[in-house]
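These notes concern the structure reproduced below.
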Amino acid sequence: MNDGTLLKIRDLTVAFETEEGAFNAVDRVSFDLNKGEIVGLVGESGCGKSVTALSLLRLIPIPPGRIASGSALFKGEDLLRASVPRLREIRGRAISMIFQEPMAALSPLHRIGDQMVEALRFHENIPRKAAEEIALDWLRKVNIPGAEQRMTAYPFELSGGMQQRVMIAMALMMQPDLVIADEPTTALDVTVQAQIFELIREMRRRDTTILLITHDMGVVWEMCDRILVMYAGRLAEEGRPQAIFSNPLHPYTQGLLRSMPRLDIRRKRLPAIAGSVPSPGDYPAGCRFRDRCPEALDRCALELPEMAALTDDRRAACFRAREYLK
Amino acid sequence: MKNDSPILSVKDLKTWFPIRRGILARTVGYVRAVDGVSLDIDRGRTLGLVGESGCGKTTLGRTLIGLEPIRSGTVCFEGKDLAALDRAEVRRLRKRMQIIFQDPLSSLNPRMNVLDIVTEGLAAFQMLKKSRREHAEELMADVGLDKDAIHSYPHEFSGGQRQRISIARAVSLKPDFIVCDEPVSSLDVSVQAQVMNLLMDLKERYGLSYLFISHDLSVVSNISDQVAVMYLGKIMEFGDVEAVIGRPLHPYTRALVAAVPIPGIHRDRRRILHGETPSPADPPSGCPFHTRCPEVMPVCARIEPDMIRCSGRQVRCHLYSPDS
Ligand SMILES: Nc1ncnc2c1ncn2[C@@H]1O[C@H](COP(=O)(O)OP(=O)(O)OP(=O)(O)O)[C@@H](O)[C@H]1O
Ligand SMILES: Nc1ncnc2c1ncn2[C@@H]1O[C@H](COP(=O)(O)OP(=O)(O)OP(=O)(O)O)[C@@H](O)[C@H]1O
Ligand SMILES: [Mg+2]
Ligand SMILES: [Mg+2]
């Protein structure tokens with residue numbers, strides 16, 4: 001079982017020091033990613049999903065950011081301690097990243113074909129012509145209409161969803177071992193999304209591992225082998241989609257599932273979770289979800305619940321989780 | 001009388017982008033991003049706009065508020081043709097029509113802090129009723145952000161938080177009409193619910209009208225009064241949300257509805273539309289959807305169907321004949 005682990009993250013803590021003070025955007029997070037697995041990371045806006053992902057490749061701005069503790073063993077090598085040249089080798093080749101905002105990854109000044117060719121030739125010694133072929137092939141795979149013409153387009157000439165697909169093509173074309181995909185399909189409609197997911201599944205069949213960050217529960221349901229739920233910088237729950245959707249163990253996950261807009265039910269108002277995410281500077285003592293939790297106990301104000309195993313493949317960080325387990 | 005007339009009325013609108021080649025930048029063709037759109041947006045109502053990536057949603061939204069040049073057709077705001085306005089009138093309208101951009105990162109000035117970003121418009125139009133700080137704090141609270149964060153810069157926020165900053169900026173001027181371009185697509189469901197509730201509250205309170213662009217049918221069906229379904233620059237089906245999403249007629253709309261994942265329902269139940277989206281620079285003859293339509297007939301490749309009224313909505317498809 002153990003040899004199947006590709007990435008082992010332990011106790012990852014990422015701190016930011018800003019004018020308003022210091023806070024941990026990610027707080028002692030531990031999880032594993034296994035070979036050929038698609039793992040979903042979900043949670044409220046600002047809970048630390050992107051920071052978790054970015055810090056694995058040390059792409060957070062340092063300062064104000066700082067990796068305060070932890071390790072991330074990728075095939076036995078600690079990414080958090082790797083040298084900068086070594087990291088540059090890993091990035092884009094063994095591990096590639098699909099960013100949340102396409103324009104964070106694409107240069108506005110260069111044609112997309114050139115950007116793709118550059119990226120290919122940075123990691124592999126291949127002739128320009130061959131690189132162009134590969135790039136074009138991938139633009140077709142992500143279903144960019146008129147791909148040949150689009151090779152010479154600048155990013156601003158593409159629609160939002162096309163920019164996103166170009167970035168996906170760039171991340172996948174290197175055939176990496178691990179793809180970290182941060183909200184890869186937010187701008188894509190269901191049909192294009194389904195095509196992208198087919199590509200991702202195809203990569204998984206070739207043993208690629210995917211960490212899929214998303215807020216879209218439909219996507220998680222469709223795609224993932226396992227789900228990690230995050231709240232206020234910490235993991236709240238882990239399990240298989242079927243289990244989480246039918247029997248969520250953390251009250252936060254329960255609220256999340258209730259507030260989903262659904263096509264089959266139209267409502268005047270969506271049942272949002274009451275209150276808002278506390279800002280990282282002033283997390284309450286004890287459980288960070290306590291103020292918004294309809295089920296909180298006195299104990300929740302005093303102690304911070306840790307992730308604990310409830311069954312073989314379920315973990316939750318809630319004192320009452322066992323009561324909810326069916 | 002005035003309240004019954006649509007706030008925005010669009011007739012046969014076209015927005016094309018030239019494709020230029022070579023050192024002389026000769027125009028060798030056009031991307032027909034918006035290609036003959038007609039629709040009305042009623043005052044105080046929300047029109048949802050859905051369709052595949054690249055079908056022209058953003059371009060249509062931008063053209064409606066004057067951010068892209070009109071190639072042909074007209075856009076009338078409260079009955080006044082936008083193309084015929086003088087400078088001062090345009091400036092006044094600017095205040096009344098806002099947009100929430102699809103990509104918050106590139107639409108927020110990285111060198112301005114949030115306080116300046118969300119109150120810039122108020123200051124420019126001399127609409128400050130209290131200090132900029134108080135306005136900013138109020139707006140932050142409206143979109144569910146921490147008011148202490150007003151001195152932070154855009155890069156210090158998460159993607160979803162940035163999206164809410166751009167929403168705060170758009171609502172700051174209390175406009176009459178807002179183009180919301182994928183305003184909740186980067187938000188998780190619970191914040192998404194808050195933001196959608198906020199947009200619905202503002203609409204009730206101020207009688208706002210929205211063009212709500214989203215690729216997410218579940219979101220659109222929850223927030224919209226009416227829905228327009230776009231494909232390759234054209235509207236294929238248009239009408240009340242109950243009709244268009246609840247009882248879709250057009251094969252394209254039906255495909256979109258069938259493809260929506262519903263958690264808990266078995267995954268294989270979904271039907272996905274296949275085939276490549278044609279390029280808007282070289283649209284197919286006849287019905288633009290005929291190359292992918294599961295119900296294609298010989299006539300579809302030859303003759304483009306007209307928009308007709310059928311079963312309580314408008315639809316552009318040879319399968320249907322107009323209500324008599
Ligand atoms: N460069 C930075 N400086 C200061 N604070 C930051 C910085 N980057 C992120 N943060 C803070 O860290 C927290 C976590 O942010 P992160 O981007 O990981 O959220 P997220 O879960 O990805 O949210 P979203 O779903 O909105 O993208 C947020 O409170 C954010 O404000
Ligand atoms: N400034 C521009 N110059 C050239 N072509 C453009 C420009 N802006 C948009 N286009 C093209 O117009 C078409 C429609 O783009 P638009 O951004 O309106 O699509 P969209 O429906 O909003 O897609 P998405 O859901 O991906 O955001 C696309 O083919 C796009 O490449
Ligand atoms: Mg993020
Ligand atoms: Mg768009």
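As a basis for the values below, the full set of heavy atoms in this structure was taken, side chains included, without hydrogen atoms, waters or symmetry mates. Proteins get letters first, then strands, A, B, ... in listed order; numbering begins at 1 in each.
- Residues meeting the side chain to side chain contact (heavy atoms under 4.5 Å, CB included) test with C180(B), sequence neighbours left out: I100(B), I178(B), P183(B), Y210(B), F212(B).
- Of all the heavy atoms in G56(B) and V34(B), the pair that sits closest is O-CG2, 3.8 Å.
- Neither the backbone nor the side chain of T58(B) comes within less than 4.5 Å of any heavy atom in chain A.
- Side-chain contact check for E182(B) versus F101(B): every heavy-atom pair is 4.5 Å or farther apart.
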Let me have the donor-acceptor pairs involving side chains of residues 139-152 of chain A, under 3.5 Å, with sequence neighbours excluded, atom names and distances please.
from, atom 1, to, atom 2, distance (Å)
R140(A), NH2, E148(A), OE1, 3.3
N143(A), ND2, Q195(A), OE1, 2.7
T152(A), OG1, Q149(A), O, 3.0

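- The contact between Q102(B) and chain A is made entirely by side chain atoms (from C-beta outward), counting heavy-atom distances below 4.5 Å.
- Residue D225(B) comes nearest to G44(B) through the heavy atom pair OD2-O, 4.5 Å, listed as atom of the first residue, atom of the second, then distance.
- Heavy atoms closer than 4.5 Å to chain A are found nowhere in L145(B), neither backbone nor side chain.
- When each of P64(A), P61(A), G161(A), S50(A) is checked for heavy-atom pairs under 4.5 Å with chain B, G161(A) comes out on top.
- Of the atoms belonging to T59(B), not a single heavy atom falls under 4.5 Å from chain A.
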